[in-house]
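The structure appears below as structure tokens.
Index from 1, following the sequence. Start at 1 and go down the list; that is how both ligands and their atoms are numbered.
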Amino acid sequence: MTRTVIAQGTFDILHPGHVHYLEEAAAMGDELYVIVARSTNVDHKKAPICPATQRRDVVAALESVDEAVLGHETDIFVPIEEIGPDVIALGHDQHHDESRIDTELERRGIDCEIVRAGAREPASGDELFSTRLIVDRILERRGE
Ligand SMILES: Cc1cc2nc3c(=O)[nH]c(=O)nc-3n(C[C@H](O)[C@H](O)[C@H](O)COP(=O)(O)O)c2cc1C
Ligand SMILES: Nc1ncnc2c1ncn2[C@@H]1O[C@H](COP(=O)(O)OP(=O)(O)OP(=O)(O)O)[C@@H](O)[C@H]1O
């Protein structure tokens, strides 16, 4: 019986933190689907720089990822219903409330575990494991 895992996020400018999260998510099952957030749904921080199609394509190229899909425009549970995962892997710092997701999964009759992944060990030297920090450094170095 194949154990299907779903991971999700913005994945704007890919970095080792993303790779770590997706490798951890992949290790939770046999196949990993990644839902890439639509730019319009990223409302809890600055909008992504790269379009969703580009962000999906880069995530899809990662070895740990079996399939990357564009998220639904308005109902984030549609891809969950379509894929029917055994596990939803949340990122170590993702703002989602597990109990709220759990309640909605139950309401929709979706039987699926929610597991939070761990953080990548802190960056060493001048490595940046955060899209926001990468953008900040670009602005700083390019003199904006
Ligand atoms: C269970 C689940 C399903 C999601 N499905 C979608 C979706 O269908 N469409 C979408 O645009 N975003 C989807 N998202 C992503 C959220 O919209 C949110 O933007 C994303 O979690 C951003 O997290 P980040 O700040 O870690 O990048 C989903 C998130 C979760 C937890
Ligand atoms: N350093 C990290 N260690 C482990 N997981 C990470 C790390 N950075 C991001 N992730 C995970 O990758 C997923 C997508 O995160 P997101 O696209 O928001 O990247 P981000 O670098 O955290 O963005 P930002 O820095 O702009 O908030 C989330 O589940 C997040 O928890």
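Backbone and side-chain nitrogen or oxygen atoms of L133 are examined, and none is located within less than 3.5 angstrom of a nitrogen or oxygen of ligand 2. Between H20 and ligand 2, no pair of N/O atoms sits closer than 3.5 Å. Ligand 2 has no N or O atom lying under 3.5 Å from any N or O atom of D12, backbone or side chain. Considering backbone and side-chain atoms alike, F129 places an N or O below 3.5 Å from some N or O of ligand 2.
Only side-chain heavy atoms of H96 come within less than 4.0 Å of ligand 1; its backbone N, CA, C and O stay farther off. The proximity of E73 to ligand 1, defined as any non-hydrogen pair under 4.0 Å, does not occur for either the backbone or the side chain. Heavy atoms of A37 found under 4.0 angstrom from ligand 1 belong to the backbone as well as the side chain.
Atoms of ligand 2 found under 4.0 Å from any heavy atom of G118, numbered from 1 in the order shown, are 4 (C). Numbered from 1 in the order shown, with element, the atoms of ligand 1 that lie under 4.0 Å from a heavy atom of G71 read 7 (C), 8 (O), 9 (N), 10 (C). Within ligand 2, the atoms closer than 4.0 Å to a non-hydrogen atom of G91 are 29 (O), 31 (O), numbered from 1 in the order shown. Applying the 4.0 Å criterion to heavy atoms of Q94 picks out, from ligand 1, the atoms 21 (O), 23 (O), 24 (P), 26 (O). Distances below 4.0 Å separate heavy atoms of L90 from the following atoms of ligand 1: 31 (C).
When hydrogens are left out, the protein atom nearest atom 29 (C) of ligand 1 is Q8 OE1, 3.3 Å; that is the closest non-hydrogen contact. In terms of protein heavy atoms, atom 27 (O) of ligand 1 is closest to T10 OG1, 2.6 Å. Protein heavy atom in closest approach to atom 10 (C) of ligand 1: N41 ND2, 3.3 Å. The single protein non-hydrogen atom nearest to atom 13 (C) of ligand 1 is I76 CG2, 3.6 Å, given as residue, atom name and distance.
Ion pairing between E104 and R107 holds under the 4.0 Å rule for side-chain N and carboxylate O. The existence of a salt bridge linking D75 and R108 is confirmed by a sub-4.0 Å separation between a basic side-chain nitrogen and an acidic carboxylate oxygen. Between R120 and E23, no side-chain nitrogen of the basic residue sits less than 4.0 Å from a carboxylate oxygen of the acidic one, so the salt-bridge criterion is not met.
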